[in-house]
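Notes follow once the structure below has been shown.
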Amino acid sequence: MADPRTDAAFLTRNAAAAQPAGALAERMAVAEREGRPLRVKLGIDPTAPDVHLGHVVVLQKLREFQDLGHRVVLIIGDYTARVGDPSGRSATRPVLTTEDIDRNARTYQDQALRVLRDEPELLEIRRNGEWLDMGMDAFLTLARIPKVAQLLERDDFAKRYAGGVTISLLEFVYPLLQGYDSVAIEADVEIGGTDQTFNLYFGRDVQRAEGRPEQSVITMPLLVGTDGEKKMSKSLGNHIGITEPAEEIFGRTMRIPDELIASWTDLLGVDLGGAAADDPRARKRALARALCDRFAGQGEGDRAQEAFDRLFKDRAIPDDVAEHVVADSGEVHLPAVIASAFGVSRSEGRRAITQGGVRIDGEPWPQDVLDAEASELHGSVLQLGKRRFARLVAGQTA
RNA sequence: GGGGGGAUGUCCGAGUGGUUAAAGGAGACGGGCUGUAAACCCGUUGGCUCUGCCUACACAGGUUCGAAUCCUGUUCCCCCCA
């Protein structure tokens with residue numbers, strides 16, 4: 001094994017923070033002395049099963065640890081999910097059933113394994129219900145550890161408290177439970193996004209209180225989403241899922257602001273080298289190709305790029321358009337067709353027509369015509385805006 | 001336990017009896033320009049069988065010719081005191 005300091009420097013090169021200073025190299029040295037790999041922890045929430053590029057940042061970091069022979073311990077927060085997190089103003093999150101959790105956990109594992117290596121000595125998957133399903137005595141002992149003042153200093157709590165936004169006691173308990181996970185699995189290192197900073201450090205407090213060695217904490221910058229502003233998250237709709245089709249990954253990547261290219265390549269572990277350093281468009285295309293190859297399959301990048309160019313350079317209609325059934329005869333109401341084909345309201349469809357945003361076979365549809373003869377539409381491609389297409393076929397509509 | 005304040009469209013946020021589907025902003029969407037980038041310009045943004053109709057300002061009921069606006073009850077949230 002290489003010099004711990006060299007490895008540590010490599011692993012923390014693109015991290016937001018790796019603290020305390022020298023802790024990672026120290027944990028590595030200890031592990032090596034004990035003749036074992038590092039135990040690198042990542043806790044995941046089994047509420048949102050689909051993995052997107054934002055998750056990949058952290059998974060990629062774990063993968064780098066695996067590549068150096070270390071062991072990743074993935075903790076599925078089945079217990080905490082069952083409790084139900086009431087954070088935020090919206091109604092209490094529905095409590096997940098065991099079946100939901102199992103299904104989500106399985107989906108997550110399947111997807112995470114597109115980044116992680118699935119080898120028994122490099123990957124261990126645990127559920128925190130194994131140890132969190134404890135007695136009241138044990139819990140109360142744990143509950144001595146966090147101090148209210150300390151919790152309130154935490155940035156998001158402080159802001160919410162000052163802003164008059166509810167904080168439930170359960171949210172205060174969360175860091176404690178997460179910290180106890182570190183004790184239970186004997187974590188040497190814990191990885192998370194910068195939004196997890198407090199919880200990760202708090203894990204050290206719990207470990208110390210339990211008389212265990214304290215973990216090294218590595219926080220990764222949050223990947224900015226396709227909107228170019230906020231962190232990537234499914235609820236903000238600015239995410240790219242790693243199971244999406246290549247066309248989608250390519251297209252959505254092309255929509256990111258140029259300023260994001262550097263951080264995306266850095267955090268997602270995409271090596272573009274110095275190619276076209278001064279041509280943002282070419283670099284973005286290279287990034288998009290790389291992401292397609294990686295998540296949709298080797299060769300998908302080139303294929304998606306060709307499809308993309310046909311669509312936007314040549315303004316051609318894509319060749320793999322989904323079919324949509326319309327009545328086989330009589331008059332059809334176009335807004336209704338648009339609504340059912342693209343999942344928008346009829347009013348939206350009507351507005352799109354009025355504004356000249358609807359095309360049939362590439363030809364603009366007249367803005368003042370709302371109905372059409374069904375037979376004239378059969379076999380045609382209906383287009384809404386620039387990038388939504390449906391091939392209309394005759395058939396029985398429900 | 002007591003007192004006070006609040007709940008408006010996707011979000012923020014005006015509006016305290018009548019031209020209010022509800023100002024303004026953000027976001028989103030459509031069009032133009034373009035590199036499905038940025039910037040900029042124009043338009044739209046509850047639903048529908050659309051010169052009109054229906055549903056909407058936490059929930060339920062009431063007052064009134066007429067309510068998001070007034071009254072009563074309920075739920076949830078915030079603040080202060082204990």
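Naming: A, B, ... by sequence-line order, numbering from 1 per chain. Note that these values count all heavy atoms, side chains included, but never hydrogens, waters or copies made by symmetry. It should be emphasised that the depicted structure is a prediction, and the values quoted were computed from it without experimental measurement.
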Review point. How many Å lie between CG on Asn238(A) and P on A26(B), as a whole number?
Key: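 In whole Å, A26(B) P and Asn238(A) CG are 19 Å from each other.
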Exercise for review: Return each pair, listed once, that meets salt bridge (Lys or Arg N to Asp or Glu O under 4.0 Å) where at least one residue sits in residues 236-258 of chain A; pairs must be two or more places apart or across chains.
Suggested key: Glu247(A)-Arg303(A), Asp258(A)-Lys284(A)
Using the [atom1] atom in both, what is the distance from [N] to [M], to the nearest Å?
N	M	atom1	result
G13(B)	A7(B)	P	10 Å
A22(B)	A14(B)	C1'	10 Å
C12(B)	G27(B)	P	15 Å
U55(B)	A37(B)	C1'	41 Å
U10(B)	G3(B)	C1'	36 Å
C40(B)	C80(B)	P	43 Å
C57(B)	U69(B)	C1'	10 Å
G2(B)	U74(B)	P	13 Å

Revision key, fill the gap. Per-nt protein contacts along nucleotides 31-38 of chain B (heavy atom under 4.0 Å; B base, S backbone sugar-phosphate only, - none) come out as S--BBBB-
Counterpart residues, side chain to side chain donor-acceptor pair (under 3.5 Å), relative to [X] (two or more places apart):
X	value
Thr197(A)	none
His333(A)	Asp371(A)
Glu124(A)	Arg39(A), Arg71(A), Arg126(A)
Lys386(A)	none

Practice item. Could you tell me whether the side chains of Asn14(A) and Lys61(A) share a donor-acceptor contact shorter than 3.5 Å? Key: yes
Review point. Which class fits the ring pair Phe312(A) and Phe308(A): parallel under 30°, tilted 30 to 60°, perpendicular over 60°?
Key: tilted
With a 4.5 Å limit on heavy-atom distance, are the side chains of [X] and [Y] in contact?
X	Y	value
Asp368(A)	Thr354(A)	no
Leu42(A)	Leu59(A)	yes
Asp50(A)	Tyr108(A)	no

Would you mind pulling out the nucleotide paired to [N], Watson-Crick or G-U wobble, both distances under 3.5 Å?
N	answer
G24(B)	C12(B)
G43(B)	C29(B)
G1(B)	C81(B)
C65(B)	G18(B)

Exercise for review: Report which part of the nucleic acid Arg283(A) touches: base, sugar-phosphate, or nothing (heavy-atom distance under 4.0 Å, all strands).
Suggested key: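 Here Arg283(A) touches no strand at all.
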With 3.5 Å as the limit, what N/O pairs link the protein to nucleotides 45-48 of chain B?
residue	atom	partner	partner atom	Å
G47(B)	OP1	Ser345(A)	OG	2.8
G47(B)	OP2	Arg351(A)	NH1	3.4
C48(B)	OP1	Arg346(A)	N	2.9
C48(B)	OP2	Arg346(A)	N	3.1
C48(B)	OP2	Ser347(A)	N	2.4
C48(B)	OP2	Ser347(A)	OG	2.5

Check your understanding: Among residues 364-375 of chain A, which contact RNA chain B at a heavy-atom distance under 4.0 Å?
Key -> none
Check your understanding: Hey, can you pull the residues of residues 295-302 of chain A with a non-hydrogen atom under 4.0 angstrom from RNA chain B?
Key -> none
Revision key, fill the gap. Sorted by chain and residue number, the salt bridge (charged side-chain N to carboxylate O under 4.0 Å, His left out) partners of Arg359(A) (sequence neighbours excluded) come out as none
Practice item. Please identify each residue that fulfils salt bridge (charged side-chain N to carboxylate O under 4.0 Å, His left out) with Glu119(A), with sequence neighbours left out. Key: Arg117(A)
Point to revise | Residue from Arg27(A), Gln207(A), Arg208(A) passing side-chain hydrogen bond (donor to acceptor under 3.5 Å, both in side chains) with Glu214(A) | key: Arg208(A)
**Study point:** Non-neighbouring partners of Phe10(A) that pass ring pair (Phe, Tyr, Trp, His ring centres under 6.0 Å), sequence neighbours left out
**Key:**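 Phe10(A) satisfies ring pair (Phe, Tyr, Trp, His ring centres under 6.0 Å) with no other residue.
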